[in-house]
Amino acid sequence: MSAPVWHLSEDRFFDPNSDQRAIAHELYQSVAHAPIVSLHGHVDPRLFADPDASFGTPADLLIIPDHYVSRMLVSQGVPLEALGVPRVDSGPVEQDHRRIWQLFADHFHLFRATPTGIWLTHELQEVFGIREKLTSATAQPIYDQIAERLASPAYRPRALFERFNIEVLCTTDAATDRLEAHQAIRASGWQADIRPTFRPDRAIDICAPVWPAEIDALSDVSGIAVHSYAAFIHALEARRAFFKTMGATASDHAAQTADTAELSAAEAEAIFQRALRGAATPEDGRRFGAHMLMESARMACEDGFVMQLHVGSVRNYSTLVMERFGPDKGADMPQRSEFTPALRPLLNKFGYDPRLTLIVFTLDETTYSRELAPLAGHYPALKLGPPWWFHDSIEGLHRYRRNVIETAGLYNTVGFNDDTRAFPSIPARHDLARRVDADWIAGLAIRGIIDMDDAHEMILDTAYRLAKRAYKLDR
């Protein structure tokens, strides 16, 4: 007996009310095939530098690098070694990718009703044409089907980029990155719009173990000897200018808190010199980070970069995972955040400056209606990033709209960011967001809050136009 055909419902994620569902379907269909603008994410640009690059095996693509997958499996007792995740000490990990895939399939049920499960199901069906549900019994035949597709030219990264109808893709790159992959993409003559994003976090976190090496790298790549705070700022400005020549329109900043403050030149220099000697204290690090957010806003006003601020993640929370496997392995955790006092110094100085766009993301949903929506509803410079990381889900997106729109309005938000390292999940993530927004807007229409002309304008804005406008790509 053959397995039942695996299929996606045409009206998935829509309200069960038939009238609302019909409107949601109409709205979704109007943007279902709109170009994707992926303006914040972590896809490796090296995938596109070589026209013949491949994704490797199904495990290479969908399991080993994806911390959304590994964190769920780890929570059920599956060790990262069994998933083939490389260890810092080069210790033994599973090398048989078929065994890794089988383990994943054996546990695929864990992802039921989660956004990761929704994305993966979309990828398997829509990207790879899989028509049987992934189970322990079907694992190996599905592995063979995906492997066969990945070996074909139609599944090279560049081919999928074009098939996904991606209009622009932004990567996230360290301040010291020479952007060689981006340069190779340009030199190849391929016309895809792939842009870098300037991320200076490693150069700013003066208490991090990697900071001295990052300052050496900054000196080398900028050609400026970074032996003083003034030289440090000059080097960062030079790197921003280089990123801009490569098409960058934004910077990205990750911080545990949104604290902003302005140090005097003498205070900044004193802290910087202590850092160079390896004598910076945690309080030095906190004050310097708050000051550098102010400096980054000042630079953004001068060079036109959109400034993205991601707040509230305790990075590499698990000491064991960090020591054994390194950073970004699914062990980052949210914490409570606040914004009203924290952003006041920055907003007092730059909040009305028409040159600044500050897009704020948070992992603390309780701040949406209490702080962020009122702030964005007043300050022209401040815009609200979409639900991020743990919250870019069906319910997370609905909560965001409920908590933000009445106070901030739709046009102080910036559309959807997929924020992914998993390139094949991009269309799945945008599809989910478009469906949820269509359902939300349909609910407004059916209650008479907006009319259908407004509804059609709003769905196009959420799916496409808001992001292009916020990141200055509509000019």
Side-chain angles (χ1 to χ4, degrees), residues 4-38 111-127 129-131 133 163-167 368-369 373 384 386-387 391-418 425-469:
V5 174
W6 200 22
H7 72 278
L8 297 169
S9 167
E10 284 296 317
D11 289 335
R12 57 191 180 278
F13 320 144
F14 298 160
D15 193 275
N17 177 284
S18 59
D19 292 335
Q20 181 169 332
R21 179 175 289 242
I23 296 173
H25 182 87
E26 176 186 337
L27 294 174
Y28 167 73
Q29 287 299 324
S30 71
V31 296
H33 303 294
I36 288 173
V37 286
S38 180
F111 298 98
R112 289 169 180 162
T114 69
T116 305
I118 290 168
W119 299 329
L120 286 167
T121 299
H122 183 116
E123 289 174 66
L124 291 172
Q125 294 189 40
E126 297 297 308
V127 177
I130 304 303
R131 293 294 175 259
K133 183 177 288 189
R163 174 178 155 191
F164 293 165
N165 195 22
I166 297 175
E167 183 174 307
Y368 283 155
S369 58
L384 302 184
H391 308 306
D392 54 355
S393 60
I394 296 171
E395 295 303 321
L397 288 160
H398 274 296
R399 288 193 299 270
Y400 174 82
R401 295 301 185 197
R402 287 196 300 270
N403 288 327
V404 163
I405 299 303
E406 287 188 332
T407 302
L410 179 64
Y411 297 93
N412 285 315
T413 66
V414 302
F416 179 69
N417 295 158
D418 51 75
S425 76
I426 287 177
R429 292 169 187 248
H430 283 263
D431 183 76
L432 185 149
R434 290 173 182 185
R435 288 175 178 277
V436 171
D437 278 337
D439 187 58
W440 165 66
I441 294 167
L444 298 177
I446 204 168
R447 285 178 286 156
I449 297 172
I450 58 171
D451 62 27
M452 286 303 296
D453 287 340
D454 291 338
H456 278 280
E457 288 287 324
M458 290 171 69
I459 191 62
L460 184 56
D461 286 329
T462 61
Y464 181 72
R465 293 191 300 211
L466 281 172
K468 290 194 69 174
R469 186 179 310 149

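Computed over heavy atoms, backbone and side chain alike; hydrogens, waters and symmetry mates excluded. Predicted model, so just to flag it, every value in this text is computed and none were measured.
Here the shortest heavy-atom pairing between His456 and Ser30 reads ND1-OG, 4.1 Å. A pairwise comparison of heavy atoms in Val31 and Ile459 identifies CG2-CG1, 3.7 Å as the closest pair. Between His7 and Gln125, the shortest heavy-atom contact is CA-OE1, 3.1 Å. When every heavy atom of Ala408 is checked against every heavy atom of Ala373, the shortest pair comes out as CB-O, 3.6 Å. For the pair Ser38 and Ile426, the tightest heavy-atom approach, listed with the atom from each and the gap, is OG-CD1, 4.1 Å. Closest non-hydrogen pair, Asp15 versus Arg21, comes out as O-NE, 3.1 Å.
Leu410 has its side chain out of reach of Val404: every pair of non-hydrogen atoms, C-beta onward, lies at least 4.5 Å apart. With a 4.5 Å cut-off on side-chain heavy atoms, Glu26 and Met452 count as touching. Inter-residue side-chain proximity for Trp440 and Ile405 is flagged as met; some heavy-atom pair is nearer than 4.5 Å. Residues Ile441 and Ile23 form no side-chain contact, since every pair of their non-hydrogen atoms from C-beta on lies 4.5 Å or further apart. Between Leu27 and Arg434 there is no side-chain heavy-atom pair separated by less than 4.5 Å. Using a 4.5 Å heavy-atom cutoff, the side chains of Thr462 and Phe416 are not in contact. Inter-residue side-chain proximity for Arg465 and Lys468 is flagged as unmet; no heavy-atom pair is nearer than 4.5 Å. Side chains of Arg131 and Trp6 form no contact here, defined as non-hydrogen atoms less than 4.5 Å apart.
The CD1 atom of Ile446 sits 4.5 Å away from atom CG of Asp19, with the distance rounded to the nearest 0.5 Å. Distance check, rounded to the nearest 0.5 Å: CZ of Phe164 to OG of Ser425 gives 8.5 Å. With values rounded to the nearest 0.5 angstrom, Asp437 atom CG is found 12.5 Å from Phe13 atom CZ. Considering CG of Leu8 and OG1 of Thr121, their distance stands at 7.0 Å, rounded to 0.5 Å. Interatomic distance, Glu126 CD to Arg163 CZ, rounded to the nearest 0.5 Å: 8.5 Å.
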Evaluate Asp431 against Arg12 for side chain to side chain contact (heavy atoms under 4.5 Å, CB included), listing each step before the verdict.
CA-CA 10 Å; Asp431 183 76; Arg12 57 191 180 278; 3.2 Å; yes
Run the numbers on Gln20 and Phe14 for side chain to side chain contact (heavy atoms under 4.5 Å, CB included), then give the verdict.
CA-CA 8 Å; Gln20 181 169 332; Phe14 298 160; over 6 Å; no
For Trp119 and Asp392: C-alpha separation, side-chain torsions, deciding distance, then whether side chain to side chain contact (heavy atoms under 4.5 Å, CB included) applies.
CA-CA 11 Å; Trp119 299 329; Asp392 54 355; 3.6 Å; yes
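Using a distance-only test at 3.5 Å, with no hydrogens or angles considered, no donor-acceptor pair links the side chain of Asp454 to the main chain of Ile450. Formation of a donor-acceptor pair under 3.5 Å by the Arg447 side chain with backbone atoms of Gly443 is found in this model. In this structure, Asn165 contributes its side chain and His33 its backbone to a donor-acceptor pair below 3.5 Å. For Arg401 (side chain) and His398 (main-chain N/O), no donor-acceptor pair under 3.5 Å exists by modelled atom type.
Partners of Tyr368 by side chain to side chain donor-acceptor pair (under 3.5 Å), not counting sequence neighbours: none found.
Using a 3.5 Å distance cut-off with no hydrogens or angles, the side chains of Tyr28 and Asp439 do not pair a donor with an acceptor. Side-chain atoms of Asp418 and His430 form a donor-acceptor pair, as typed in the model, at a separation below 3.5 Å. Defined by atom type and a distance below 3.5 Å, a donor-acceptor pair is present between the side-chain atoms of Tyr411 and Asp461.
Open room surrounds CD on Glu406; 12 or fewer heavy atoms of other groups in view lie less than 6.0 Å from it.
Leu397 pairs in a side chain to side chain contact (heavy atoms under 4.5 Å, CB included) with only one of the listed residues (Pro115, Pro387, Pro386), which is Pro387.
Ion pairing of Asp11 with Arg435 is absent here, as no side-chain N (NZ or NE/NH1/NH2) approaches a carboxylate O to less than 4.0 Å.
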